[in-house]
K.L.:
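Below is a structure I'd like to ask you about.
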Amino acid sequence: MKFINKVIVSLVELMPKPIVRIFANKYIAGDTLQEGVSVVKDLNKRGIMATMDVLGEAIQNRDEAIDAYQKADEVLDVINREKLDANLSIKPTQFGLMLDEEFCYDLVKKLVVKAKEYNTFIRLDMEDSTTTDKIIALFLRLRSEFENVGIVIQACMRRSMDDIALMNAQGGHYRLCKGIYIEPEKIAFRGKQEVRDNYMALLHRILKDGRYVGIATHDSYLIDAAKKMLSDLGTQKGDYEFQMLLGVREDLRDQLNREGFRLRLYVPFGKDWYKYSVRRLKENPQIAWDIFKDIFSIR
Ligand SMILES: Cc1cc2nc3c(=O)[nH]c(=O)nc-3n(C[C@H](O)[C@H](O)[C@H](O)COP(=O)(O)OP(=O)(O)OC[C@H]3O[C@@H](n4cnc5c(N)ncnc54)[C@H](O)[C@@H]3O)c2cc1C
């Protein structure tokens with residue numbers, strides 16, 4: 001099975017887009033903002049919060065960054081108009097981070113200002129290691145003026161404990177995840193347990209320092225360990241939340257919801273669904289294999 005999974009992972013990027021789309025439907029709310037809104041409304045009805053994400057990756061020029069800004073701005077308007085229990089996640093490279101940091105800051109700041117007006121929040125997603133310093137600098141600059149902005153910490157990165165120490169001094173507000181990008185061993189933990197151990201060490205530091213954290217994982221081991229740590233430290237329910245991705249481990253999601261934990265789902269939508277979906281499929285080739293068997297009636 002492991003061999004088949006490896007083959008599927010290596011084939012994902014060679015698959016025709018329509019096939020990838022069949023797998024991807026599980027992970028994305030749809031192509032349009034309206035489809036995103038309808039998924040969020042459904043989650044809200046069940047007491048689950050959302051963070052909305054307009055799919056897209058690094059852009060090539062300022063016009064594309066402005067386009068990303070306009071789409072994100074529209075999402076904030078809809079969150080406000082439709083009274084959604086949701087905030088917005090953005091990828092800083094979509095707003096020109098690697099083209100011109102000042103230009104990117106101006107665009108993201110406009111979003112943070114509007115989000116503040118609407119009493120909601122902007123989360124800066126963390127991207128690959130070539131962007132980490134710039135995303136942290138952007139966060140710290142925004143955070144010095146606004147409380148309604150947060151960042152993501154990746155447990156796979158060896159630098160993360162130092163980054164937290166730096167950011168806690170200025171009011172860190174985190175989503176803690178393992179990290180999706182494959183990084184060299186020199187700068188990243190690669191072993192499953194090493195990453196888990198660092199995740200728990202980072203969580204401990206964040207909670208001890210009294211910073212808000214979104215515990216973003218589908219790993220039962222981490223969820224159980226986090227629950228124990230939260231209880232041992234006596235952390236109040238309003239000081240943290242669990243976070244999961246749309247379409248992943250719905251059993252665990254429903255269980256956390258039943259248990260009364262604050263829970264937020266990452267709801268991506270939009271026409272640029274391809275790269276996001278490939279990352280999700282590489283994470284879980286079992287899904288690709290199951291659908292492949294269905295399509296070709298392999299039993
Ligand atoms: C809300 C949220 C936001 C995130 N934001 C970022 C970010 O900004 N930057 C970043 O680098 N990473 C981000 N991630 C991704 C994260 O870093 C991990 O890659 C991802 O969550 C898988 O790690 P895991 O902790 O769930 O553990 P894993 O060990 O990978 O997964 C645990 C179990 O969950 C199930 N599972 C995991 N992934 C899938 C899948 N795709 N399909 C079906 N089942 C699956 C499997 O059963 C697996 O055994 C985010 C994750 C979440 C939940």
Side-chain angles (χ1 to χ4, degrees), residues 1-2 5 8-9 12 20 23-28 43 48-53 55-57 86-94 97 121-132 135-136 138-139 150-157 159-160 163 174-183 187-200 202-203 213-226 240-253 255-256 262-268 275-291:
M1 196 64 225
K2 270 197 168 161
N5 284 350
I8 291 175
V9 165
V12 164
V20 177
F23 304 133
N25 281 336
K26 197 173 159 53
Y27 302 118
I28 53 175
L43 291 169
I48 300 175
M49 305 175 289
T51 186
M52 299 180 75
D53 167 55
L55 288 167
E57 311 280 330
N87 60 33
L88 177 70
S89 286
I90 60 167
K91 289 202 167 31
T93 58
Q94 259 184 287
L97 185 73
F121 184 88
I122 306 283
R123 173 79 56 196
L124 306 181
D125 282 352
M126 186 52 77
E127 304 184 59
D128 69 49
S129 62
T130 61
T131 67
T132 313
I135 294 179
I136 290 177
L138 174 65
F139 168 70
I151 194 167
V152 175
I153 285 286
Q154 297 161 321
C156 68
M157 298 300 289
R159 58 178 287 170
S160 288
D163 291 340
Y174 307 105
R175 170 195 298 150
L176 178 61
C177 67
K178 285 185 181 172
I180 181 86
Y181 303 91
I182 297 164
E183 304 287 357
I187 58 167
F189 298 110
R190 302 286 287 272
K192 187 177 175 145
Q193 195 56 39
E194 274 185 312
V195 175
R196 282 174 165 171
D197 291 345
N198 198 38
Y199 192 106
M200 293 312 297
L202 293 164
L203 182 61
V213 61
I215 303 167
T217 181
H218 320 91
D219 185 347
S220 308
Y221 171 97
L222 286 180
I223 291 176
D224 290 345
Y240 67 91
E241 62 191 43
F242 283 96
Q243 297 188 354
M244 292 190 178
L245 301 170
L246 187 70
V248 179
R249 291 297 309 267
E250 290 173 354
D251 53 333
L252 216 48
R253 174 192 86 182
Q255 190 188 327
L256 284 171
R262 278 165 67 80
L263 176 63
R264 187 180 303 278
L265 245 71
Y266 192 95
V267 178
K275 277 195 180 170
Y276 178 85
S277 308
V278 166
R279 281 205 297 274
R280 296 276 86 81
L281 284 172
K282 283 184 165 178
E283 253 178 342
N284 195 6
Q286 179 67 41
I287 286 189
W289 174 235
D290 288 346
I291 296 174

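Nothing fancy with the numbering, it's 1 onward along the sequence. Counting starts at 1 for both ligands and their atoms, in listed order.
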K.L.:
Which heavy-atom pair separates L265 from I48 by the least distance, and what is that distance?
P.N.:
CD1-CG2, 4.0 Å
K.L.:
Taking 4.0 angstrom as the limit, do R249 and D251 come out as a salt bridge?
P.N.:
yes
K.L.:
Where's the contact between Q154 and ligand 1, heavy-atom distance under 4.0 Å: side chain, backbone, both or neither?
P.N.:
side chain
K.L.:
Hey, mind stepping through M200 and L222 against side-chain contact (heavy atoms from CB on, under 4.5 Å) and telling me if it holds?
P.N.:
CA-CA 8 Å; M200 293 312 297; L222 286 180; 3.8 Å; yes
K.L.:
Under 3.5 Å between some N or O of ligand 1 and some N or O of M244?
P.N.:
no
K.L.:
Can you check whether E183's main-chain N or O pairs, donor with acceptor, with R190's side chain at less than 3.5 Å?
P.N.:
yes
K.L.:
Looking at ligand 1, does Y27 have a heavy atom less than 4.0 Å from it?
P.N.:
yes
K.L.:
Against heavy atoms of T217, which atoms of ligand 1 measure under 4.0 Å?
P.N.:
24 (P), 25 (O), 26 (O)
K.L.:
Counting only heavy atoms, which portion of R264 has something under 4.0 Å from ligand 1: side chain, backbone, both, or neither?
P.N.:
neither
K.L.:
With heavy-atom distances below 4.0 Å as the criterion, list the atoms of ligand 1 near Q243.
P.N.:
1 (C), 53 (C)
K.L.:
Going by the order shown, which atoms of ligand 1 are within less than 4.0 Å of some heavy atom of Y181?
P.N.:
11 (O)
K.L.:
Please compare M126, K178, R249 and report which has the shortest non-hydrogen distance to atom 23 (O) of ligand 1.
P.N.:
K178
K.L.:
Identify whether the distance between the nearest side-chain nitrogen and carboxylate oxygen of D125 and R175 falls below 4.0 Å.
P.N.:
yes
K.L.:
Could you work out, for atom 53 (C) of ligand 1, the closest of L222, L245, L252 by heavy-atom distance?
P.N.:
L245
K.L.:
Using every non-hydrogen atom in the two residues, find where L252 and H218 come nearest and quote the distance to one decimal.
P.N.:
CD2-O, 3.4 Å
K.L.:
Kindly indicate, with the supporting measurements, whether the criterion side-chain contact (heavy atoms from CB on, under 4.5 Å) is fulfilled by I223 and M244.
P.N.:
CA-CA 11 Å; I223 291 176; M244 292 190 178; 3.7 Å; yes
K.L.:
For V195 and A155, which heavy atoms make the closest approach, and how far apart are they?
P.N.:
O-CB, 3.9 Å
K.L.:
Heavy atom under 4.0 Å from ligand 1: found in V152's side chain, backbone, both, or neither?
P.N.:
side chain
K.L.:
Suppose I only count heavy atoms of D125 and a 4.0 Å limit; which atoms of ligand 1 are within that range?
P.N.:
8 (O)
